[in-house]
There are 2 protein chains.
Amino acid sequence: MPVTSSRTTLIEVAKLAGTSKTSVSRFFGPERERLTPKLQTRIAEAANTLGYQPNLMARGLKGGGSRLLGMLVADIRNPFSVAVVHGVEQAARASGYSLIVCNTDNDPKQEQQHLRLLSAYQVEGLIINASGQPEAQLQAIRRSGVPLVLLDRDIHQLDAAVIGLDNALAIDMALEHLMEQGYRSILYASESPDYASARQERLQRFTQQTATLGINGQTLILNNALDHTQTLNAFARRSVSAPGAVLCANGNITLTMTRIFQKQGIAIGPTGLMGIDELAWCELITPGITTLAQPTNDIGQAAVSCLLNQLNGLAQTSPTRHRHAPRLQVRGSTTP
Amino acid sequence: MPVTSSRTTLIEVAKLAGTSKTSVSRFFGPERERLTPKLQTRIAEAANTLGYQPNLMARGLKGGGSRLLGMLVADIRNPFSVAVVHGVEQAARASGYSLIVCNTDNDPKQEQQHLRLLSAYQVEGLIINASGQPEAQLQAIRRSGVPLVLLDRDIHQLDAAVIGLDNALAIDMALEHLMEQGYRSILYASESPDYASARQERLQRFTQQTATLGINGQTLILNNALDHTQTLNAFARRSVSAPGAVLCANGNITLTMTRIFQKQGIAIGPTGLMGIDELAWCELITPGITTLAQPTNDIGQAAVSCLLNQLNGLAQTSPTRHRHAPRLQVRGSTTP
DNA sequence: AACCAAAATGGGAACGTTCCCAGTTTGTTT
DNA sequence: AAACAAACTGGGAACGTTCCCATTTTGGTT
């Protein structure tokens, strides 16, 4: 049977220390310095012998703030997301906040549910990597005074700060690198850009820039229902005369494409391969896959500090966009 | 300026619906059925127009239970951990619980801090993948009536359930597979087993079984300060006469070893390579790396259901060990 | 129609904390 | 030594909910 010796409370500590609950409360809050050193040690001792832990639920209830931030992640199994979570967590802890992470598995239904949950826990700020477009819900949350930050994906009709990669710059850097290396036609592979603004931005920049610069560019929108092996094979065959490269819109695509290259025996390098998002294995695939690494730590920290600014009333006049530059990691896969 | 229109409460809903707070409380709790259908719809309407969200802090305070589970992860950037987190999250949600995940980055200091935090949030159960050996703290938590489950790593002098891979079986399966494939000497590569029981169990089983079965086995304890390239080169040279294989204790080691193989030009297959933990890229490294995949979903679910059993007083008479069998994924790296 | 059990509803205390304000002590100035 | 300001301490209400128990309503029997 569980011992259910209920948790010790503020009042018990106060009793043992021979003081009032107010003083004990002060001791554990930001006003500790107002207490006499003598009283401080007395409280510290009492709390120690009783093993007292403040009950954050009670604190959160009485207006004291929950000291919690909430984070919604579209796909926790994506290494990029994990890296950002890691950055956010560190930044949050450094500012005395804790983080509740919820994973939506790219399901708008779960996203709704989790948003309800997070606001029920009275989080003081929300970092959102959206799966769907829950404008209505988010607008309601914002109206209730909870600051929001969007991560990587914008949401229409919601004027919140968006933090993420500088997508246009990333595409430009990729194109520049690939052209420099001597590739003369580029196939851009992406998932359906319908519901993720970052995908849209990248795709749009790609078509725009290839047109402007007169580069021979094609796009391939991946679709689970179809087999893209044929397309890739054809592209690779054409590479023999004029070298072509495949540019992958994100880490997942890089994985998919690498699989196809290997299964079809397409040589990496002669047909170029490059991806947005850095992954642990990119250096291991012979001859190494060139990537644009996202500065995940910076992104995580920017998200938190943006939130804290809003919390402290230093809100920007208008919702800002933080665009972070990628880092080019050159490897053998982009040498024809 | 923030609108700070404070959240609507139970009482406002009750007022609008022309009923009492008790009834509204019942509506949102497990006793909804006790209410007249007419009352139910009236409350539902009122709650809807006001956009009411129950305040879980208040609920948690008044003994109602926080409906929160806490999870401590030693390294969130380890794909294995993420996969387990995913399983735990799904199982928790299915039972109406939410999950706070804290990452300790393998730092006992952070572990302590996070444990304090989690118990301050009144979590109803704790799933712990330990970094250090915080027996004292965990014992205190257990005494206060919060059920515990250990994940992958045991903690001395704490009689809690441990859930994880069947390490002995995993080693046995690996040895059997490697011998069958014709390897005649095996190098077991692991990180220091000092503070992780799973590593100890695997290492111990390896030395024991190689001795018992008369297999030529060596162990290599990785150490950041040293360069193990020499050892590997020597091992590979000997493989020419009698084929040898490297068995990696976990996913990280597999990554490290693969790097060394590639940098040193050691052929994978002639010198075997096999790892515990399945990773996305293992099939991509030519000729594919053989692995023992952990059943991460099963492990996550087992952890949650073990916790819920304890919560419902169905506590096992003695702390149990759940050992889950791995799945052998054969690829080209173990064909001499 | 009167009665009674069962079901439905509501009032109030309690959960553990913070914060306001009042009361007490300390220290400095005349 | 008196007076006053400043620093420190403490009592009580409030936060939004749940749960106990009392009260009211319902519906079935005699």
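In what follows, chains are A, B, ... by sequence order, proteins preceding strands, each numbered from 1.
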**Q.** Within residues 45-67 of chain B or reaching into it, pairs that qualify as side chain to side chain donor-acceptor pair (under 3.5 Å) - sequence neighbours excluded
**A.** B:Arg67-B:Tyr97

Q: Summarise how protein sits on nucleotides 8-14 of chain C as a single string, 5' to 3': B when a protein heavy atom is under 4.0 Å from the base, S for sugar-phosphate-only contact, - for no contact.
A: SBBBBBB

Q. To the nearest 10 degrees, what angle separates the axes at the start and end of the helix from C:dA1-D:dT30 to C:dT30-D:dA1, five pairs each?
A. 40°

Q) Distance-only, no hydrogens or angles: does the A:Gln310 side chain make a donor-acceptor pair with backbone N or O of A:Leu307 under 3.5 Å? A) no

Q) A:Glu31 CD to C:dC19 P: how many Å, rounded? A) 7 Å

Q) By side-chain contact (heavy atoms from CB on, under 4.5 Å), which residues pair with A:Asn106, not counting sequence neighbours? A) A:Ala74, A:Asp75, A:Ser131, A:Arg153

Q) Which part of the nucleic acid, if any, lies within reach of B:Ser25 when heavy atoms closer than 4.0 Å are counted: base, sugar-phosphate only, or nothing? A) base

Q | Distance, rounded to the nearest Å, where B:Gln122 contributes CD and C:dG16 contributes P | A | 9 Å

Q | Exercise: do B:Arg7 and A:Gln122 side chains pair donor with acceptor under 3.5 Å | A | yes

Q. Is there a donor-acceptor pair closer than 3.5 Å between any side-chain N or O of B:Glu111 and the backbone N or O of B:Thr104?
A. no

Q: Kindly state which residues belonging to residues 44-53 of chain B come within less than 4.0 angstrom of DNA chain C, counting heavy atoms of the residue only, listed by number.
A: none

Q: Starting at atom CZ of A:Phe27, determine the distance to atom C1' of C:dG16, rounded to an integer number of angstrom.
A: 18 Å

**Q.** Modelled atom types, side-chain donor and acceptor of B:His322 and B:Asp298, under 3.5 Å
**A.** no

Q | Residue pair A:Arg116 / A:Gln137, side-chain donor-acceptor N/O under 3.5 Å | A | no

Q: May I have the distance from B:Leu56 (atom CG) to D:dT17 (atom P), rounded to whole angstrom?
A: 9 Å

Q: Scan side-chain atoms only and decide if A:Asn103 and A:His114 contain a donor-acceptor pair under the 3.5 Å cut-off.
A: no

Q: Mind jotting down which residue pairs meet the salt bridge (Lys or Arg N to Asp or Glu O under 4.0 Å) criterion with at least one end in residues 18-31 of chain B? Sequence neighbours excluded, please.
A: B:Arg26-B:Glu31, B:Glu31-B:Arg34

Q | A:Arg93 side chain to B:Gln110 side chain, donor-acceptor N/O pair below 3.5 angstrom | A | yes

Q) Can you check the B:Asn55 CG to D:dG16 C1' distance for me, whole Å? A) 6 Å

